[in-house]
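One structure is given here, and the rest of the page talks about it.
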Amino acid sequence: MKYVEYGAQHRSVILLLHGGGLSWWNFREEAELLGQQYHVVLPILDGHTGSDAPFISMEQNAREIIAWVDRHCGGQVLLMGGLSLGGQVLVEILSRRPDICRYAILESALVFPMRVTHALVKPTYSLCYPLIRQRWFARLQFRSLHIQPELFEEYYRDTAGLTRPDMIAFLEANANYRLEDSLRSCAAQTLVLAGSRELPVMKRSAKALAAKLPHARLEILSGYTHGELSLNHSRQYVDKLLHLLEA
């Protein structure tokens, strides 16, 4: 796994995990805002453009990040955050190592298996995979995600760079992820976020996470779609992060 880092090495560490099909630039603006005060680490999840390994499983990504924290941070960081697939990886990390961070932010993390979606991933994306390198198709997908226009070139570059096996693997893992009871042991003060315009299962997932985590606060973001906070409103995301640290 590769990492992009901002800020001086000796400062408290904040680690942010990008969404599926995206990359470290998901949190670039947040890292730039936080980098003067903290050391911000942005992993490139396995199987994504710029990574150094194929996507094997959610668990494998969690193990790699835990090993990095043990090796470079003495086993604990100040805060960890994750969006969507990155949020699921973070849930897996917190389930395995309940004291790995003092604070956490989970944004739009699905924790209920979607069996129909899981069954359709391979046939659907096997057929449409050749289209992901077409700019017109990428632009349609981009618009459906409600991402700020300035990120299109990076989105196009990194989605076009995905391999078919990796894309299918992480989409299947995303649709099949299940909440573990071991999350009840998590010690982190956690902010759980979902957009009011997301699918009902996403809001149900956020409520389930907030109920399972012993030190969690749930916030449904009025008018927001999936991932819109961290992707489009970096200043607001940072404000919520700093408020969590201060509280």
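Because the structure is predicted, anything quoted here is derived from the model rather than measured.
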Following the transitive rule for hydrophobic clusters with a side-chain heavy-atom cut-off under 4.5 Å over Ile, Leu, Val, Met, Phe, Trp and Tyr, establish whether [X] and [Y] coincide in one cluster.
{"X": "L33", "Y": "W24", "answer": "yes"}
{"X": "Y3", "Y": "L85", "answer": "yes"}
{"X": "L16", "Y": "L94", "answer": "no"}
{"X": "I44", "Y": "V13", "answer": "no"}
{"X": "L213", "Y": "L15", "answer": "yes"}

Quiz prompt | Worked check of side chain to side chain donor-acceptor pair (under 3.5 Å) between Q60 and D46 | solution = CA-CA 9 Å; Q60 177 63 21; D46 289 347; 5.1 Å; no

Quiz item: Taking 4.0 angstrom as the limit, do E219 and K240 come out as a salt bridge?
Solution: yes

State whether the side chain of [X] and the backbone N or O of [Y] hold a donor-acceptor pair below 3.5 Å, judged by distance alone.
{"X": "N61", "Y": "V89", "answer": "no"}
{"X": "T190", "Y": "A216", "answer": "no"}
{"X": "Q236", "Y": "L229", "answer": "no"}
{"X": "H39", "Y": "R11", "answer": "no"}
{"X": "E154", "Y": "W25", "answer": "no"}
{"X": "E107", "Y": "S230", "answer": "yes"}
{"X": "Q148", "Y": "L231", "answer": "yes"}
{"X": "D158", "Y": "L22", "answer": "no"}
{"X": "T124", "Y": "V121", "answer": "no"}
{"X": "Y38", "Y": "L79", "answer": "no"}

Practice problem: Take L106 and L193, measure what side chain to side chain contact (heavy atoms under 4.5 Å, CB included) needs, and give me the verdict at the end. | Solution: CA-CA 6 Å; L106 293 165; L193 301 169; over 6 Å; no

Testing the basics here: between [X] and [Y], what is the closest heavy-atom pair and its distance to 0.1 Å?
{"X": "G19", "Y": "S84", "value": "CA-CB, 4.4 Å"}
{"X": "G50", "Y": "K2", "value": "O-CD, 3.2 Å"}
{"X": "A188", "Y": "C101", "value": "CB-O, 3.5 Å"}
{"X": "T49", "Y": "S23", "value": "O-OG, 3.6 Å"}
{"X": "V40", "Y": "A31", "value": "CG1-CB, 3.7 Å"}
{"X": "C73", "Y": "W68", "value": "SG-CZ3, 3.6 Å"}

Practice problem: Let me see the working for H48 and H18 under ring-ring contact (aromatic ring centres under 6.0 Å, His included), right down to the final yes or no. | Solution: CA-CA 10 Å; H48 289 72; H18 65 79; 4.9 Å; yes

Quiz item: Are R178 and F112 in a cation-pi setup, meaning NZ or CZ lies under 6.0 angstrom from the ring centre and within 45 degrees of the ring axis?
Solution: no

Self-check item: Cation-aromatic face contact R164/Y125, 6.0 Å, 45 degrees
Solution: no

Quiz prompt | Derivation and outcome, ring-ring contact (aromatic ring centres under 6.0 Å, His included), residues H233 and Y224 | solution = CA-CA 10 Å; H233 304 282; Y224 278 31; 4.9 Å; yes

Exercise. Please check if any side-chain donor atom of S95 sits under 3.5 Å from a side-chain acceptor atom of E92, or the reverse.
Key: no

Quiz item: Cut-off 3.5 Å, side chains only: do H146 and E228 have a donor facing an acceptor?
Solution: no

Between atom [atom1] of [X] and atom [atom2] of [Y], what is the distance when rounded to the nearest 0.5 Å?
{"X": "S185", "Y": "R97", "atom1": "OG", "atom2": "CZ", "value": "13.5 Å"}
{"X": "Q76", "Y": "S12", "atom1": "CD", "atom2": "OG", "value": "10.0 Å"}
{"X": "L221", "Y": "K203", "atom1": "CG", "atom2": "NZ", "value": "11.5 Å"}
{"X": "M114", "Y": "L120", "atom1": "CE", "atom2": "CG", "value": "10.5 Å"}
{"X": "L162", "Y": "S51", "atom1": "CG", "atom2": "OG", "value": "9.0 Å"}
{"X": "R96", "Y": "R63", "atom1": "CZ", "atom2": "CZ", "value": "5.0 Å"}

Exercise. Assess the pair F27 and Y237: is the distance between their ring centroids shorter than 6.0 Å?
Key: yes

Quiz item: In terms of the angle between their ring planes, are F152 and Y155 parallel, tilted or perpendicular, with boundaries placed at 30° and 60°?
Solution: tilted

Quiz item: Going through the checks in order, is the side chain to side chain contact (heavy atoms under 4.5 Å, CB included) test met by L145 and T225?
Solution: CA-CA 8 Å; L145 295 172; T225 57; over 6 Å; no

Practice problem: Return yes when atom CZ of F142 has more than 12 non-hydrogen atoms of other residues, nucleotides or ligands closer than 6.0 Å, and no otherwise. | Solution: yes

Quiz item: Y6 and E32: side chain to side chain contact (heavy atoms under 4.5 Å, CB included), yes or no, with the steps?
Solution: CA-CA 7 Å; Y6 287 77; E32 290 171 349; 3.7 Å; yes

Quiz prompt | L17: which of L83, N26, V41, I65 passes side chain to side chain contact (heavy atoms under 4.5 Å, CB included) | solution = I65

Quiz prompt | Candidate pair E172 and H118, rule side chain to side chain donor-acceptor pair (under 3.5 Å), full reasoning | solution = CA-CA 5 Å; E172 286 184 331; H118 180 268; 4.7 Å; no

